[in-house]
Amino acid sequence: MKFTDGFWQLRNGVHASYATEVRDVRLDDDRLAAYAAVKRVERRGDTLNAPLITVDAYAPAEGVIAVRLTHHAGRRGKGPDFELPGAAARSAATTRTQGTAAELTSGPLTLRVPTEGAFGLEFLDGDGQVLTSAGRKGTAFATVPDGSHHMVAQLALGVGETVHGLGERFTPYVKNGQVVDIWQADGGTSSEQAYKNIPFYLSSRGYGIFVNHPGKVSFEVGSEAVGQVQFSVEDQTLEYFVVAGPTPKEVLSRYAALTGLPALPPAWSFGLWLTTSFTTSYDEATVTSFVDGMAERGIPLSVFHFDCFWMREYQWCDFEWDPAVFPDPEGMIARLKDKGLRICVWINPYIGQKSALYEEGAEKGYFVETAGGDIWQWDKWQAGMALVDFTDPEATAWFQRKLKVLLDQGVDGFKTDFGERIPTDVVWHDGSDAERMHNYYTHLYNKAVFELLEEERGQGEAVLFARSATAGGQQYPVHWGGDCWSSFEAMAESLRGGLSLSLSGFGFWSHDIGGFEGTPDPAVFKRWLAFGLLSSHSRLHGSSSYRVPWEFGDEAVDVARQFTRLKHRLMPYLYGAAVEAHRTGVPTMRPLLLEFPQDPTARTADREYLLGPDVLVAPVFTEDGHVEYYVPEGVWTHLLTGETVTGPRWCHETHGFDSLPLLVRQGAVLALGADESRPDGEWLDDLELRVFAPAGTGDFTRTVTVPDRTGAVAATYEVVRQGGEIRVTTDTDRPYTVTVVGEEGLTAVSR
């Protein structure tokens, strides 16, 4: 929200009060409280008829400093509040007075507050350098013409500083200059709206900001005061966390540890998913023809997904198979599983009035109600639909029991669609504030489904395909990019959204290969296949047309086969990156900023990414195969061609549909599996260690670990170069091979 009219004036009807002068600072061992007047106090009478802004500071975790700004403290907190599983039981900070300043320090981060004179906040890194600061308008409250009260904060942007994240946003990747409202919406990928709104941003200067408020947070990222990031909430209190680095990876790790680390998805989920698509006609014969068609063409398939119309029309959701189309669902699922497939079905948290569950839920009081005590309903999406109230433990358990029936039939996972269009004129079972619940609802929804899967299938076997999320939602993977058009432009939009989400703490992400709306041109489909199969998770899905590759020609079949098999070979490496995401919060699909934070060009790169730490992927967004992409410092080798390129530089290349820039950085050792047929095979059987040796005679050592399917270490390989030899030692007796790439004359010796 904008409050000012240019630099000097306020907008009509806006009244703003800024923390101006320090009146008192109080220190405990691990907390700090400051009281700021909103005008200069020159005489005792100036303390009357004027507010104070209270600033409380503490550390919810090491390297994270929380700042809570309060005008009136008497407002009853109705919730919900973000769960912070990584928060310490008490403040992880120390305090001291240093001259005319008070300091609160946690790990490598310090907050400095003056004890007299003009009010301000400075956040310093471990070397004492200022990361950001709240200056003369940085701490405030304001009222606007409708009478609403807003708490406002501004933090300074340095010269050349870039801002990233704020959820899965399809607008420009660098958020400077943008207006961003953290408000869940079903807006597709071609608008400024977002399904996954996360009030967290990552700065290129090596810190992050998390606004600890689940409701609407309005960000002005250099778009009102151009040298500031402003954020505001309609409330009497605003709390934000400053998250230390110094590297972007460390920022993400601290943030994810605080708000919840991602679960590790099962290895089978990394294979290719195929769906019925949305409004297309299908039955068991159609599904079987798709599955058998993939097998006949040598395209490995891991998961089959049934989209909405597995249930009867107007009855979403009743969680019952349409008997006219699927008369024997248990048998069908068993037959598909005999072909080696896992099964996923579409759900949402809405109950249409025609569904038998509507009467049951209404009788038991499991739906969200209006202020008058009626069930809240509307006709958007499903006729007369009601909304399951996940703030009611009994309603949640009821919803889970309905899903358990499907698990007992053999279903393995759920696509948890929707959860964004949540009304604000309703009453929740637990008394939650309706505005705060709008964004937070999806968290309760996905949590309920994910926890059921873990309970029934065990940890490490639970996986969602979720569309909406808020902060903390990364704990319940996987998330996909929602409804996009079938075009190169939408493909690029989707990637921007995924990159932004990855810098918001989410470790795993997918998208609809070929686009959702419309039918893609074969060129779009083939280019998107390569991109999709070099993403964390890979799904063929559409709206009104099928997405089986042969619908787009023989070459599309070849491309699908090639890149599916390549992904399977990459699984020992890729699952290692997944384990890292699970343990540290560093995502599997990484913007270049994460690995090359000192490179100014890498900070803005939005048409490429790193898959894990060592493999650079630059999708092709043209029919003719021309691609422009940036190569960071170092020597890189094309995985598909063996050609090398030295960065930093921009490259212009032309690729056929069977290729794209897929580069491995020098010094990497890729663990490649031998089994191309499935993602969850025996990775240690005939493992290949492909060594991308640095040029020259310098020695180097690399340690490679290959996980098992639980994420534990299955084998360790130490790769050492000494002179003209590459020596490998390992703790396993399983056979493996060593391939040296990049320098002639090097020999490999295993022992």
Keeping the roles fixed (side chain from [X], backbone from [Y]), state whether a donor-acceptor pair exists under 3.5 Å.
X: S659; Y: G656; value: no
X: Y476; Y: A469; value: no
X: S502; Y: L499; value: yes
X: Y282; Y: F306; value: no
X: S504; Y: I198; value: no
X: Q562; Y: D658; value: yes
X: D412; Y: I343; value: yes
X: Y195; Y: D483; value: yes
X: R527; Y: P619; value: no
X: T730; Y: T716; value: yes

Under 4.5 Å between any side-chain heavy atoms of [X] and [Y], yes or no?
X: F525; Y: E551; result: no
X: R690; Y: L639; result: yes
X: E168; Y: S500; result: no
X: L540; Y: L272; result: yes
X: E688; Y: Y736; result: no
X: E517; Y: W485; result: yes
X: I347; Y: L403; result: yes
X: L534; Y: L660; result: yes

Given Q666 and T637, is the side chain to side chain contact (heavy atoms under 4.5 Å, CB included) satisfied, shown in steps?
CA-CA 7 Å; Q666 191 178 70; T637 302; over 6 Å; no

Could you walk me through whether H652 and W650 satisfy the ring-ring contact (aromatic ring centres under 6.0 Å, His included) test, starting with their C-alpha distance in whole Å, then the side-chain angles of each, then the deciding distance to 0.1 Å, before giving a yes or no?
CA-CA 7 Å; H652 296 263; W650 282 93; 7.5 Å; no

Between N446 and T416, does a side chain to side chain donor-acceptor pair (under 3.5 Å) hold up when you go through it step by step?
CA-CA 7 Å; N446 285 322; T416 49; 2.7 Å; yes

Apply side chain to side chain contact (heavy atoms under 4.5 Å, CB included) to M589 and L611, showing your working.
CA-CA 5 Å; M589 296 175 68; L611 187 60; 4.1 Å; yes

Name the one of T701, I726, V740 that satisfies side-chain contact (heavy atoms from CB on, under 4.5 Å) with V719?
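Result for side-chain contact (heavy atoms from CB on, under 4.5 Å) with V719: I726.
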
Among V627, V617, L640, find the one that has a side-chain contact (heavy atoms from CB on, under 4.5 Å) with P661.
V627

Answer with yes or no whether the side chains of [Y] and [X] bring together a donor and an acceptor at under 3.5 Å.
X: Y630; Y: D599; result: yes
X: S494; Y: R496; result: no
X: S510; Y: H537; result: no
X: W346; Y: D417; result: yes

Specify the closest pair of heavy atoms between [X] and [Y], including all atoms of both residues, with the distance to one decimal.
X: L252; Y: G505; value: CD2-N, 3.9 Å
X: W321; Y: F326; value: CE3-CD1, 3.7 Å
X: C484; Y: T189; value: CB-OG1, 3.2 Å
X: K567; Y: F270; value: NZ-O, 2.9 Å
X: A556; Y: P549; value: CB-O, 3.5 Å
X: L616; Y: W636; value: CB-CZ3, 3.9 Å

Is the F506 to H479 ring centre distance short of 6.0 Å?
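Between H479 and F506, which both carry aromatic rings, the centre distance is below 6.0 Å.
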
What residues form a side chain to side chain contact (heavy atoms under 4.5 Å, CB included) with A714, not counting sequence neighbours?
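Residues passing side chain to side chain contact (heavy atoms under 4.5 Å, CB included) with A714: L684, D708.
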
For R335, is there an ion pair with D338 - N to carboxylate O distance below 4.0 angstrom?
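Looking at R335 together with D338, the answer is no, because their closest N to O distance does not fall below 4.0 Å.
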
Looking at R709 and E682, does any basic side-chain N land under 4.0 Å from a carboxylate oxygen?
yes

Heavy atoms of other groups near E633 CD, more than 12 under 6.0 Å
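Count not over threshold, so no.
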
Should the heavy atoms of other residues, nucleotides or ligands under 6.0 Å from CG of D554 be counted, would the total exceed 12?
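Open: at most 12 neighbouring heavy atoms sit under 6.0 Å from CG of D554.
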
Starting from the C-alpha separation in whole Å, work towards a yes-or-no answer on side chain to side chain contact (heavy atoms under 4.5 Å, CB included) for R342 and E461.
CA-CA 11 Å; R342 303 287 182 143; E461 282 297 313; 3.7 Å; yes

Name the one of E653, E608, R607 that satisfies side chain to side chain donor-acceptor pair (under 3.5 Å) with Y629?
E653

Between atom [atom1] of [X] and atom [atom2] of [Y], what is the distance when rounded to the nearest 0.5 Å?
X: K415; Y: W480; atom1: NZ; atom2: CH2; result: 4.0 Å
X: L670; Y: L570; atom1: CG; atom2: CG; result: 7.0 Å
X: L529; Y: R561; atom1: CG; atom2: CZ; result: 12.0 Å
X: L574; Y: R569; atom1: CG; atom2: CZ; result: 14.0 Å
X: S487; Y: F621; atom1: OG; atom2: CZ; result: 11.0 Å
X: S535; Y: W509; atom1: OG; atom2: CH2; result: 6.0 Å

The test is side chain to side chain contact (heavy atoms under 4.5 Å, CB included); show your working for T286 and T276 and say whether it passes.
CA-CA 9 Å; T286 307; T276 56; over 6 Å; no

As a test of understanding, state which of F414, W273, F508 forms a ring pair (Phe, Tyr, Trp, His ring centres under 6.0 Å) with F465.
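Of the listed residues F414, W273, F508, the ring pair (Phe, Tyr, Trp, His ring centres under 6.0 Å) partner of F465 is W273.
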
Contact list for residues 574-594, test side-chain hydrogen bond (donor to acceptor under 3.5 Å, both in side chains), sequence neighbours left out:
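Residue pairs with at least one partner in residues 574-594: E580-R590, R590-E595.
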
Side-chain donor-acceptor pairs of residues 452-459 under 3.5 Å, sequence neighbours excluded:
residue: R457; atom: NH2; partner: L407; partner atom: O; Å: 2.9
residue: R457; atom: NH2; partner: V411; partner atom: O; Å: 2.6

